[in-house]
Amino acid sequence: MNLENSDEENNSSTVIDKSTPLTKRESIGWWFLCAANGVYSGSPIGVLIPLLLENLSGRAGYELDLVTPCNTASFIDTSSYSLYIISISILVQTILFVSCGSLADHGNMQKIFALFYGLIGAITTILFITVTNPQLYLLAGVFAIISNCCYGASNVFTIAYIPIFARNHPKVIDAKNSDVPISEIKKLEDKMTVKFSTISLIAAIFAAMVVMFTTGGILALLKDSPYAIQIALVFAGSCWLILLIFPAMWLTKRPKPPLP
């Protein structure tokens, strides 16, 4: 059976039956969701945000006399601020992951939460453009924590689709409707799980690389601008936001067991 679009997907908010075969449109929508999350995993959190935090903290810092502005790393390690912020965001992520785990594995809200956290993360990444004064380095830290936590939470709900898609792949449903042994069906589901996991990784890496090279070009072109990093972050956040349009249109709500 081929992946075909169904009329039920014209309304993306419709909760479809758990036995409804996976469609091509839904698969593509999910690939875009993986790519959208991949945008942030590359240059934004890996390079741009740490650089911006280090730059702002260095420009806002002072020498040991607490009077002379410190624009170098001679007496303070400006990289410490970015490390602290990333560490805090990881700690918050851990708490958030525990809270989101049950919601990702139960009910039919995976799409809503994946898009919600993706939307907040993208908007927060774009809002770095408002941090133009070094004295706002704390605000930049808050943006970094929020965007990183939303990226992680969106990934939790995105990955939750993998077992759903594996069970509802047309080949698996065909096998269930035929006289295929349960062991073979299980092997087929495992094969589809690996396939979707691989696709999600490829989509995320591809998006991350495209944005990484593009933001690198932006930094090179605007090397004399004090806001080059913020502009690059706006571009990355905009890409994240635009890519969310497709899963919003094409993904459907697929039910999982209700919360206990």
Side-chain angles (χ1 to χ4, degrees), residues 1-10 12-42 97-98 100-115 117-118 151-210 240 243-260:
M1 181 182 295
N2 295 325
L3 293 176
E4 297 178 350
N5 295 329
S6 66
D7 292 336
E8 291 179 344
E9 285 190 318
N10 291 333
S12 60
S13 64
T14 301
V15 179
I16 63 178
D17 184 77
K18 62 182 180 181
S19 61
T20 302
L22 177 65
T23 65
K24 184 176 181 180
R25 176 180 293 182
E26 190 174 9
S27 297
I28 295 175
W30 182 73
W31 298 344
F32 273 106
L33 181 58
C34 296
N37 292 333
V39 167
Y40 185 84
S41 65
F97 288 175
V98 174
C100 292
S102 296
L103 293 174
D105 293 332
H106 299 84
N108 56 14
M109 302 290 286
Q110 291 84 9
K111 174 182 177 180
I112 292 177
F113 281 115
L115 293 176
Y117 282 114
Y151 155 72
S154 181
N155 259 330
V156 169
F157 290 101
T158 300
I159 294 173
Y161 269 96
I162 293 179
I164 302 176
F165 286 173
R167 289 193 298 267
N168 292 278
H169 193 279
K171 291 183 179 180
V172 175
I173 292 180
D174 279 348
K176 290 179 180 179
N177 294 332
S178 305
D179 295 330
V180 178
I182 296 179
S183 59
E184 293 299 320
I185 295 176
K186 179 62 178 176
K187 289 181 181 179
L188 186 56
E189 287 186 3
D190 291 341
K191 180 180 178 181
M192 292 301 152
T193 298
V194 173
K195 174 184 176 181
F196 284 114
S197 297
T198 303
I199 291 174
S200 68
L201 185 60
I202 292 174
I205 292 176
F206 178 77
M209 294 301 294
V210 170
W240 189 358
L243 288 174
L244 289 176
I245 295 174
F246 302 99
M249 293 189 301
W250 296 338
L251 269 183
T252 55
K253 294 180 181 179
R254 286 185 173 269
K256 280 190 170 186
L259 286 168

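As the structure is a prediction and not an experimental result, all values here were calculated from the model.
By the neighbour-count criterion of 12 heavy atoms within 6.0 Å, atom NZ of K186 is sparsely surrounded, having that number or fewer from other residues, nucleotides or ligands.
Between H169 and F196 the shortest heavy-atom distance is CD2-CZ, 4.0 Å. When all heavy atoms of A153 and C100 are compared, the pair lying nearest together is CB-SG, 4.4 Å. The nearest pair of heavy atoms linking L251 to G29 is CG-C, 4.3 Å. The shortest non-hydrogen separation linking S41 to A208 is OG-CB, 4.1 Å. In terms of heavy atoms, I185 sits closest to A175 at CD1-O, 3.9 Å. In this structure, Y161 and T252 approach most closely via the heavy-atom pair OH-O, 3.2 Å.
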Evaluate side chain to side chain contact (heavy atoms under 4.5 Å, CB included) for L244 paired with L115, printing each intermediate quantity in order.
CA-CA 7 Å; L244 289 176; L115 293 176; 4.1 Å; yes
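Taken to the nearest 0.5 Å, the CD1 atom of I164 stands 10.5 Å off from the CG atom of L22. Note that the CG atom of L188 and the OG1 atom of T193 stand 9.5 Å from one another [nearest 0.5 Å]. Atom CE of M192 is separated from atom CG of N168 by 12.5 Å, given to the nearest 0.5 angstrom. Within the model, atoms NZ of K111 and CD of E26 stand 9.0 Å from one another, a figure rounded to the nearest 0.5 Å.
Note: W30 and F165 have perpendicular aromatic rings, judged against thresholds of 30 and 60 degrees for the angle between ring planes. Ring geometry, Y40 versus Y151: the interplanar angle falls from 30° to 60°, so the pair is classed tilted.
Side-chain contact check for W250 versus I28: some heavy-atom pair is nearer than 4.5 Å.
Panel note: side chain K253, backbone M109; no donor-acceptor pair is recorded below 3.5 Å. Judged purely by atom type and a 3.5 angstrom limit, S200 uses its side chain to pair as donor or acceptor with the backbone of S197.
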